[in-house]
Amino acid sequence: MQLSDKKATLSFSDGSEPIEFPVYQGTTGPEVIDIRKLYSQTGMFTYDPGFLSTASCESAITYIDGDEGKLQYRGYPISQLAENYKFLDVCYLILNGELPDDQQKYDFDQLVTHHTMVHEQLHFFLRGFRRDAHPMAVLTGLVGALSAFYHDSTDITNPHHRHVSAIRLVAKMPTLVAMAYKYSQGQPFIYPQNNLSYTGNFLRMMFGTPCEDYVVNDVVERALDRIFILHADHEQNASTSTVRLCGSSGTNPFAAIAAGVGCLWGPAHGGANEACLKMLEDIQASGGISQVAEFMEKVKDKNSGVRLMGFGHRVYKNYDPRAKLMQETCREVLDALGLHDDPLFKLAMEVERIALEDPYFVERRLYPNVDFYSGIVQRAIGIPTELFTAIFALARTVGWIAQWNEMLSDPNYKIGRPRQLYTGEDTRNVPGVDG
Ligand code: ACO
C-alpha cells in the first residue's frame, strides 16, 4: 500500500487536540485511514459492528467494485476467467498471483490430482455420523479432522508446509464432499480417478457407482467448473474473515478452514442459494408464472417479511457479474439436458424481468446475485439442495487458503483481536461481600 499525500484529521467537540492519521491508497478502490495508533493516542476505540467501514487487512487477491458490478481475481475480470479458463487454472492464479503457462498448468494439475485421495481412516471417522446428518455438519467435522492426519505439514511458519496444505485442501475437498453425499445415500464411496479433470472426477465420485462406468457429460462438467470459478473467492466476506481470524492465532490450516466451513453454513451467507431455489419451488407450487406478480407485491410489502431471495447484495449495488454468467450457464445446461421448458428457469426469468422494471427494486439497486440461478443449475445437474452449500465450500476453499497464506506472509500480521464497547454492569460485589 502507498501513503497518500492526504491526511485525515480527527477533531473532538470537547476542545481536546485534533489528531492526524495517515491515509493509504491501494491499486484501486477506496482509500483507508490508518487508525492503528488511535487507542494509544486517544484512549478510544472505533465502533463498527458488521465491519461496514473497516478494512481488516491488506490483500492483493480479489477486487470488487460493487457500484460498477466488477469482480476480479488478481486483476482479471471474472467473465474473462470464467469464459476462457478451467477452475484449476483459476486456483493456480489465486494461489500464485499469475495464470499458469502450459508447463505450470500441467504440473499443477498433476500435483492436485495426486492429492485427491484421503486417508482410509477418514472413512471410518465419517461412519460415526448419522446418515441423515446435514452435509455441512459432516464437512465441518471432516475438514477439521484432516489436521489429525497431516502432522508433517502444519508448521505455519514454513512456506513449503503452507503450500502443501493448500494443495491438500484444494485436492481433497471434492473427495470429502462426495463422500458426505454417498454416505447420506447409503452408497459406497467412489475413489478418485486420475485420468479425469478436477470437476469430472468430482462428478464421478458423486454420481458414479461400482456397478457401471460413469461417463462425464461435457456440458455438465463445464457448468460445474464455472460454478466453482464464480465462487472461488470474494475478498473479505464473513467466512474468509473467519478463516483469517481463526488462522491468526497460529492454528493449523485445516482447523482454520473448518471454521470457514462453519461460517459459510449460515443462511445469510452460503445458504442463500438453497433458500432461493425453495422460493422458486414454492411459487411454482402455488400456480407458477401467473402467481409471480402477486408474490412480488408481497416482497414489496414490508409487513409481509418476505424477501426476494437471490436478489440484493451487501456489496453489489449493480448487477452481480456472476449472476450474468450463471444465467448463461443455466440456459446451456437446461438445453443440453433437454430441459428447455424447465418451469423454474422460466419462472426465474419472469421474476427477474419484473424486478428489473419495478421502481421498488430499481430505486434500492437490487439486482440478481449469483445465487439466483446457481440453484437451478445444480438441481438440473442432480445435486440435492442440501448439498448446495457444501459445493460452495468446495469452491471457496482455494480462496480461503490463499487468504490465510497471504495473511501469514504479511509482515504486519498480528493475531486478530477486536475490542468492544462495554455496556454491562459496572464493578459490584457478590452478595455478602463488602467492597
Ligand atoms: N427483497 C426485497 N427487498 C430487499 C431485498 C430483497 N432480497 N434485499 C434488500 N431489500 C430492501 C430492504 O428491505 C431495504 O429496503 P428499505 O431501504 O426500504 O428498508 C433495502 O432493500 C436495503 O436492504 P438491506 O437489507 O439494508 O441491504 P443489505 O446490504 O444489508 O442486504 C442482503 C444485503 C442481505 C444480501 C439482502 O439483499 C438480502 O437479504 N437478499 C436476499 C438474500 C440473498 O439472496 N442473499 C445472497 C447474497 S449473495 C451471497 O452471499 C453469495
Side-chain angles (χ1 to χ4, degrees), residues 48-54 62 64-67 69-71 73 78 82 136 226-243 260-283 292-327 329 348 351-378 385 388-397 399-400:
D48 186 18
F51 302 112
L52 297 182
S53 300
T54 297
T62 293
I64 302 173
D65 182 332
D67 289 327
K70 247 191 208 174
L71 167 62
Y73 300 154
I78 189 69
M136 288 301 277
R226 180 173 279 193
I227 290 180
F228 293 164
I229 293 175
L230 300 185
H231 288 86
D233 195 45
H234 215 227
E235 50 118 312
Q236 309 312 318
N237 55 83
S239 57
T240 302
S241 300
T242 301
V243 169
V261 175
C263 177
L264 187 74
W265 192 356
H269 193 6
N273 52 10
E274 201 174 322
C276 177
L277 188 70
K278 183 169 181 323
M279 174 194 78
L280 292 172
E281 282 170 348
D282 287 349
I283 304 175
V292 172
E294 196 182 308
F295 177 76
M296 297 301 260
E297 287 310 311
K298 261 196 236 152
V299 168
K300 292 190 284 178
D301 174 6
K302 293 275 176 206
N303 300 320
S304 72
V306 177
R307 279 211 164 189
L308 183 55
M309 299 312 287
F311 256 72
H313 196 278
R314 170 60 62 79
V315 180
Y316 294 115
K317 300 301 172 196
N318 200 323
Y319 213 101
D320 177 343
R322 301 168 301 173
K324 270 201 191 93
L325 293 156
M326 213 60 255
Q327 191 201 60
T329 295
V351 169
E352 179 181 337
R353 189 191 63 76
I354 295 182
L356 293 184
E357 286 171 2
D358 191 306
Y360 174 95
F361 296 93
V362 175
E363 281 159 17
R364 289 171 179 77
R365 305 175 71 192
L366 300 170
Y367 294 90
N369 60 51
V370 65
D371 290 327
F372 194 62
Y373 290 104
S374 71
I376 302 178
V377 178
Q378 293 191 62
T385 318
F388 286 1
T389 318
I391 300 282
F392 190 162
L394 184 173
R396 184 55 58 84
T397 296
W400 287 332

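When a ligand or atom number is given, it counts from 1 through the structure's own listing order. The first residue in the sequence is number 1, and the count goes up from there.
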Please answer whether the main-chain N or O of [Y] pairs with a side-chain N or O of [X] as donor and acceptor at a distance below 3.5 Å.
| X | Y | value |
| --- | --- | --- |
| Asn237 | Glu235 | yes |
| Asp320 | Pro368 | no |
| Tyr360 | Met296 | no |
| Ser241 | Gln236 | yes |
| Asp65 | Lys70 | no |
| Thr397 | Ala393 | yes |

(message) I'd like to check Leu366 versus Leu308 (side-chain heavy atoms, cut-off strictly below 4.5 Å). Are they in contact?
(response)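 Contact flag for Leu366/Leu308 side chains = no.
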For ligand 1, which atoms have a heavy atom of [X] less than 4.0 angstrom away?
| X | result |
| --- | --- |
| Gly312 | 35 (C), 37 (O) |
| Lys317 | 29 (O) |
| Tyr360 | 2 (C), 3 (N), 4 (C), 11 (C), 13 (O) |
| Ala272 | 43 (C), 45 (N), 46 (C) |
| Asp371 | 46 (C), 48 (S), 49 (C), 51 (C) |
| Gly310 | 43 (C), 44 (O) |

(request) Ignoring hydrogens, just give me the one of Leu308, Asn369, Leu230, Leu264 whose non-hydrogen atom is nearest atom 47 (C) of ligand 1. (result)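 Minimum heavy-atom distance to atom 47 (C) of ligand 1 goes to Asn369.
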(request) Give the single entry among His231, Met309, Arg307 that approaches atom 36 (C) of ligand 1 most closely by any heavy atom. (result)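 Selected option, by shortest heavy-atom distance: Arg307.
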Considering only protein heavy atoms, which is closest to [atom], and at what distance to one decimal place?
| atom | value |
| --- | --- |
| atom 10 (N) of ligand 1 | Leu366 CD1, 3.6 Å |
| atom 50 (O) of ligand 1 | His269 O, 3.4 Å |
| atom 20 (C) of ligand 1 | Arg364 CD, 3.8 Å |
| atom 48 (S) of ligand 1 | His313 CD2, 3.4 Å |
| atom 33 (C) of ligand 1 | Arg314 N, 3.6 Å |

(request) For ligand 1, indicate whether the residue Lys302 contacts it via side chain, backbone, both or neither (heavy-atom separation under 4.0 Å). (result)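 Within the 4.0 Å criterion, Lys302 contacts ligand 1 through side-chain atoms alone.
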(message) Just to be sure I read this right, does ligand 1 sit under 4.0 Å from the backbone of Asn273, its side chain, both, or neither, counting only heavy atoms?
(response)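 The answer is neither.
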So, regarding [X] and ligand 1 (criterion: nitrogen or oxygen to nitrogen or oxygen, under 3.5 Å), is there a contact or not?
| X | value |
| --- | --- |
| Val299 | no |
| Arg322 | no |
| Phe311 | yes |

(request) Kindly state if atom 26 (O) of ligand 1 has a protein heavy atom within a strict 4.0 Å cut-off, that is, under 4.0 Å? (result)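 No, there is no protein heavy atom closer to it than 4.0 Å.
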(request) Look up atom 38 (C) of ligand 1 and tell me if a protein heavy atom lies less than 4.0 Å from it? (result)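 Yes.
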(request) Check Ile227, Asp371, Val370 against Asn273 for a side chain to side chain contact (heavy atoms under 4.5 Å, CB included) and give me the one that passes. (result)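 Passing option: Asp371.
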(message) Once rounded to the nearest 0.5 Å, what's the spacing between atom CE of Met279 and atom CZ of Arg307?
(response)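 Going from CE on Met279 over to CZ on Arg307, the span is 13.0 Å.
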(message) Working to the nearest 0.5 angstrom, can you tell me the gap between Ile391 CD1 and Ser374 OG?
(response)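 With rounding to 0.5 Å, CD1 (Ile391) is 10.5 Å from OG (Ser374).
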(message) In terms of relative ring orientation, are Phe311 and Phe361 parallel, tilted or perpendicular, with 30° and 60° separating the classes?
(response)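 Correct class here is perpendicular.
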(request) Measure up the Phe392 and His269 rings against each other and bin them: parallel (under 30°), tilted (30 to 60°), perpendicular (over 60°). (result)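 Perpendicular.
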